[in-house]
Amino acid sequence: MGRLILKPGKERSLLHRHPWLFAGAVDRVEGRVSPGATVALHASDGRFLARAAYSPESAIRARVWTFDEAEPVDHAFIKRRIQRALALRAGQVRGTGAVRLVFGEADGMPGLVVDHYRSLDGQRQQLVCQFMAVGVDVWKKAIVDALTRETGCEHVYERSDASVREKEGLQQTTGVLAGDEPPELLLVEEGGVRYQIDVRNGHKTGFYIDQRDSRALIARHAAGRDVLNCFCYTGGFSLAALKGGAASVLSVDSSGEALAHARANVLANGFDAGRAQWLDADAFRTLRSLHQDGRQFDLIVLDPPKLAPSQQHVDRAARAYKDINLTGLKLLRPGGLLATFSCSGAIGAPLFQKIVADAAADAGVDLRILDRLGAGADHPMLASFPEGEYLKGLWLQRI
Ligand code: SAH
């Protein structure tokens, strides 16, 4: 096995069990190594630190498989990691046909995402995978075999069409890995709401599984309220609000395709379409024009796309987050509720809270933090890996 020897002092984060080794920390590479190969990481004094997957093209030069020197990375290892991930979810996530089974680093499989969808009629179980690092990519066959065996699910579809693949020297790819082609739309139920999911073309693996708990929250608080849902995509929060008995739901997205899908979701649930209004428009501009028109709402959801893809975008993204929260707050009636999110890993929870607090100050309103929101129990977080906590939200009430 090849070895990566670190520069003096660069072993610190690995000793704290952080699973990434950055290129700048590597002093030299010894032995034969290839992309995705398992390498041993050693401190400059020769001490063993971890076994990791080598990513020669990426700034994240190695991703840790195990900190245990006695544990080889082989088929049995892959199987144990899958079993461990499944055991963690067993009985933890209920009332849904959409569950994340493997969440990368937090499940000891850096760069791998596996989602499980179960159709409402129980006829179809579908796994959807994303291989976003070369380490898991070279183990693809073993991972798919272990997944089908351990879950009993025969259909596996790959959605490795994320641009991060290119940083790993991999091409984007999609297609069937096991079983047959997924249906055009998979009808899945969550919290008593039906969602039609397009696993081949939808965002991520087809659905924002990570917002499950917050959708339930919105459903619990929607009764009788006028709701505004910005960046609604296929209507996740809009449907939850309709289910919860909202008086009206105005949803905004700049993708006509997403809105068409959202409308179809309303019909699939038999909800009164008259309560739902859809705007194919830029949400930043729409918020301002709603304010000019004197519109007011009792419950607002702001869940924009990742506005800061990396550290260098943080300042500009912070201004954009502030902009939507500021105009959003101007539309909120006193006593009204706001669920506001950031899925930018580069913006930490304290910064996000500061941005929202600044927006409230500029809007001249006082806000009470009712709760902090995030991904569900199927998106575990490692204490040693704060980067895994990408989704953060605030549940606020205008006083
Ligand atoms: N809240 C959604 C997920 C949001 S994904 C859910 O829970 O399912 C982000 C969405 O923002 C995408 O649907 C994208 O089309 C939309 N979007 C991106 N930029 C936008 C803009 N400037 N105005 C309105 N929508 C935008």
Side-chain angles (χ1 to χ4, degrees), residues 96-98 100 115 117 159 162 185-186 188 190-191 193-199 201-219 222 227-244 246 249-266 268-269 276-291 299-309 313 316-317 319-328 331 338-345 347 373-376 379 390-395:
T96 180
R100 175 146 301 182
D115 289 340
Y117 295 107
R159 282 295 305 273
L185 291 173
L186 210 64
V188 165
E190 176 199 276
V193 180
R194 295 169 175 198
Y195 298 93
Q196 301 178 93
I197 294 168
D198 180 350
V199 301
N201 306 300
H203 287 187
K204 308 219 276 185
T205 68
F207 192 48
Y208 284 87
I209 295 182
D210 54 0
Q211 289 286 27
R212 178 192 312 116
D213 292 353
S214 296
R215 279 189 287 272
L217 177 80
I218 296 305
V227 177
L228 171 64
N229 179 17
C230 288
F231 309 95
C232 69
Y233 186 47
T234 51
F237 287 112
S238 311
L239 292 156
L242 290 168
K243 171 79 181 172
V249 182
L250 174 60
S251 309
V252 186
D253 202 283
S254 57
S255 159
E257 215 178 316
L259 290 172
H261 192 152
R263 280 198 167 95
N265 276 336
V266 171
N269 282 279
Q277 246 197 308
W278 308 92
L279 264 182
D280 181 349
D282 174 68
F284 291 83
R285 266 188 242 132
T286 301
L287 284 163
R288 268 190 285 281
S289 65
L290 289 169
H291 177 55
L299 200 177
I300 298 178
V301 179
L302 301 173
D303 183 26
K306 195 197 283 179
L307 298 176
H313 300 94
R316 210 182 54 205
R319 284 194 293 277
Y321 282 116
K322 184 174 169 191
D323 182 26
I324 50 173
N325 281 283
L326 171 57
T327 27
L331 300 173
L338 170 65
T340 183
F341 299 92
S342 161
C343 61
S344 300
I347 293 193
L373 310 174
H379 294 65
Y390 65 101
L391 178 65
K392 57 218 63 103
L394 291 168
W395 178 229

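As the structure lists them, so they are numbered: ligands from 1, and atoms in each ligand from 1. We use all heavy atoms of the structure for the numbers below, so side chains are in, but hydrogens, waters and symmetry mates are not.
Smallest separation of non-hydrogen atoms from F231 and A283: CZ-CB, 3.5 Å.
In summary, the side chains of T234 and Y208 do not present any donor paired with an acceptor at a separation below 3.5 Å, with no hydrogens or angles considered. Side chains of Y117 and T205: a donor on one and an acceptor on the other come within 3.5 Å. A donor atom on one side chain and an acceptor atom on the other are not found under 3.5 Å apart for N269 and Y195.
None of R285, R316, R288 except one satisfies the salt bridge (Lys or Arg N to Asp or Glu O under 4.0 Å) rule with D323; the exception is R288.
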Pairs under 3.5 angstrom, nitrogen or oxygen on both sides, ligand 1 versus protein: list them out, please.
unit_1, atom_1, unit_2, atom_2, d
ligand 1, 1 (N), F231, O, 3.0
ligand 1, 1 (N), D303, OD2, 2.7
ligand 1, 13 (O), D253, OD1, 3.3
ligand 1, 13 (O), D253, OD2, 2.7
ligand 1, 15 (O), D253, OD1, 2.6
ligand 1, 22 (N), D282, OD1, 2.7
ligand 1, 23 (N), A283, N, 2.8
ligand 1, 25 (N), S254, N, 3.1
ligand 1, 25 (N), S254, OG, 3.3

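Judged purely by atom type and a 3.5 angstrom limit, K306 has no side-chain atom pairing as donor or acceptor with the backbone of G345.
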